[in-house]
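Here's the structure, in structure tokens; my notes come after.
Predicted model only: the values in this text are computed from it and were never measured. Basis for what follows: all heavy atoms, side chains included, without hydrogens, waters or symmetry-related copies. The sequence lines fix the lettering, A, B, ..., with proteins before strands; numbering per chain opens at 1.
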There are 2 protein chains.
Amino acid sequence: MKLTPVMEKFILHWGEMGWRWGINRSVAQVHALLMLAPKPLPADEICESLDVARSNVSNSIKELQGWGLVRVVHVFGDRREHFETLRDVWEMFLIILRERKKREIDPTLHALRECATEAAKSKDADHTTERLAQLIEFMELSSNWADKAQALSPTSAKRLCQLGDKVFRLVG
Amino acid sequence: MKLTPVMEKFILHWGEMGWRWGINRSVAQVHALLMLAPKPLPADEICESLDVARSNVSNSIKELQGWGLVRVVHVFGDRREHFETLRDVWEMFLIILRERKKREIDPTLHALRECATEAAKSKDADHTTERLAQLIEFMELSSNWADKAQALSPTSAKRLCQLGDKVFRLVG
DNA sequence: TGGTTATTTCTGTAATTACAGAAATGTTAT
DNA sequence: ATAACATTTCTGTAATTACAGAAATAACCA
């Protein structure tokens, strides 16, 4: 697929942003390309469009599949696997939220709890145990929040966002 | 400052997590240490505790100051600068939210809008313009949401999180 | 079966990033 | 001023990460 300047620009930017959030640039670029593609793409078209090695695409796709952001599709009369990403931005967002919670928030909470237990046992300084307790409280609330948000349907998530002010006025 | 095993464990984990979110490991470790420290620390104590080079600490601190997460404090009778981080986890969270919005969401929205304008001009495929429009809508809502969240006081943010179910029941 | 094409895994290299130590700069005191 | 210490910036190296190309594996077909 030959890219237009707009597509190139978007793909470059998406790669850059993904990278800032700890996602490999190529992975984010493949994702960006699939978002723009009007139909599922086979790996070699991705190589060609992005001008990267076949192996790179293979690994990037695998990574995106690990996130649940890319699926395989078979095209009639074509032996190659074609790849597509979700069409709904909100659904993608919820998936990423779910994954990052699982990969980062949960282990952090677990580690913090271990730290707190050990700190109590080993009589660490009051300041340490207190600080850990604050962090645990924060992470627990975040965790609950993420659980609930992640369980929303894409449309509910969008509606909640659109509610905007209403939500914040609950506490403001 | 001699670290206890609990402190070490926490610092290591915090460094790891920060790193997964695109923050340099040393930077996150310095931040972790300052969170645990009962009082502001001078740079050389940080070197010693974390066993890293002085220059590394200097740069890490500068980075954290850039985020607004670390401040300089002067201690009577000591020429050295001492560093402390915020005591309130929620305030830290709001600051990070604000910064990341500024650094990542805003530029993305800007780039997306440029893409959309250029796509219209250059008659890119309908699919492309449509996809960009969806992304823009999503990023705009996220941006508004982040603006409002970021403007909350730490206590309000906490209260909003504690409200939990109530908020989600607005749409669920 | 062997031939053909698709895909993954392996291997080496290039590029980037992290970071220690040295040098330079700035600061305070005498 | 210059000595003593504090801090930042520079420079080279080590470690990691990214990634192309080759080799291996798998899938399909005739």
Side-chain angles (χ1 to χ4, degrees), chain A residues 1 11-34 39-67 70-84 103, chain B residues 1 11-34 39-67 70-84 103:
Chain A
M1 190 168 65
I11 290 169
L12 250 28
H13 186 89
W14 202 252
E16 172 70 18
M17 282 303 134
W19 175 77
R20 292 219 198 175
W21 289 83
I23 307 294
N24 175 290
R25 251 196 200 86
S26 306
V27 173
Q29 287 188 358
V30 170
H31 182 226
L33 175 61
L34 291 177
K39 55 177 176 46
L41 298 179
D44 41 352
E45 269 196 53
I46 299 176
C47 301
E48 207 183 294
S49 299
L50 298 181
D51 193 25
V52 294
R54 188 48 237 267
S55 54
N56 195 353
V57 170
S58 177
N59 291 327
S60 297
I61 294 269
K62 215 171 49 172
E63 174 79 13
L64 286 165
Q65 285 176 317
W67 282 83
V70 160
R71 296 185 328 179
V72 175
V73 170
H74 285 283
V75 169
F76 203 84
D78 193 333
R79 269 170 58 190
R80 299 170 304 175
E81 299 190 301
H82 291 59
F83 304 96
E84 65 174 8
R103 296 177 189 201
Chain B
M1 190 168 66
I11 289 169
L12 251 27
H13 187 90
W14 201 253
E16 173 69 19
M17 283 302 136
W19 176 77
R20 292 220 200 176
W21 288 83
I23 307 293
N24 175 290
R25 251 197 199 84
S26 306
V27 173
Q29 287 188 357
V30 170
H31 183 226
L33 175 60
L34 291 178
K39 56 177 176 46
L41 298 180
D44 42 350
E45 268 196 55
I46 299 176
C47 301
E48 206 183 294
S49 299
L50 299 179
D51 194 25
V52 294
R54 187 48 238 265
S55 54
N56 195 354
V57 170
S58 176
N59 291 326
S60 297
I61 294 268
K62 214 169 52 171
E63 175 81 12
L64 287 165
Q65 285 177 316
W67 282 83
V70 161
R71 295 186 327 179
V72 176
V73 170
H74 286 282
V75 169
F76 204 84
D78 192 333
R79 266 171 58 189
R80 299 171 303 175
E81 299 191 301
H82 290 59
F83 303 97
E84 65 174 8
R103 296 176 190 202

Looking only at N and O atoms, is any donor in the side chain of A:Ser26 or the base of D:dA18 less than 3.5 Å from an acceptor on the other one?
no
Nearest to the side chain of A:Asn24, heavy atoms from C-beta on, is which of D:dA20, D:dA18, C:dT8?
D:dA18
Which atom pair, heavy atoms only, marks the closest approach of B:Glu84 to B:Pro40?
OE1-CG, 3.7 Å
With DNA chain C as reference, determine whether B:Asn56 or A:Ser55 sits nearer its 5' end, using the nearest nucleotide of each.
A:Ser55
Between CD of A:Glu81 and P of D:dA26 the distance, given in whole Å, is 15 Å
Can you tell which of B:Ile23, B:Leu34, B:Asn24, B:Leu12 makes a side-chain contact (heavy atoms from CB on, under 4.5 Å) with B:Gln29?
B:Leu12
Check whether any side-chain N or O of B:Ser58 sits under 4.0 Å from OP1 or OP2 of D:dT8, and answer yes or no.
yes
Whole angstrom is fine here: how far is it from CH2 in A:Trp19 over to P in D:dC19?
12 Å
Nearest heavy-atom pair of A:Val72 and A:Gln65: which atoms, and what distance?
CG2-NE2, 3.2 Å
Could you give the CD-to-C1' distance, from A:Glu45 to C:dA6, as a whole number of Å?
15 Å
Nearest-Å distance for atom pair NE2/P, residues A:His74 and C:dT7:
9 Å
Would you mind reading off the distance between B:Gln29 atom CD and C:dA18 atom C1', rounded to a whole angstrom?
12 Å
For atom CG of A:Asn59 and atom P of D:dG21, their distance in whole Å:
15 Å
So what does B:Arg25 hit on the nucleic acid, given a heavy-atom distance under 4.0 Å: a base, only sugar-phosphate, or nothing?
nothing
Has A:Arg54 got a side-chain N or O lying under 4.0 Å from the OP1 or OP2 atom of C:dA6?
no
note: B:Ile23, atom CD1; C:dC19, atom P; distance rounded to Å ~ 14 Å
For C:dT7, does OP1 or OP2 lie under 4.0 Å from any side-chain N or O of A:Arg80?
no
Can you check the B:Arg79 CZ to C:dT30 P distance for me, whole Å?
10 Å
Does atom CG of B:Asp78 have more than 12 heavy-atom neighbours from other groups under 6.0 Å away?
yes
By nearest-heavy-atom nucleotide on DNA chain C, the more 5' of A:Asp78 and A:Lys62 is A:Asp78
Shortest non-hydrogen contact from B:Ile46 to B:Phe83?
CD1-CD1, 4.5 Å
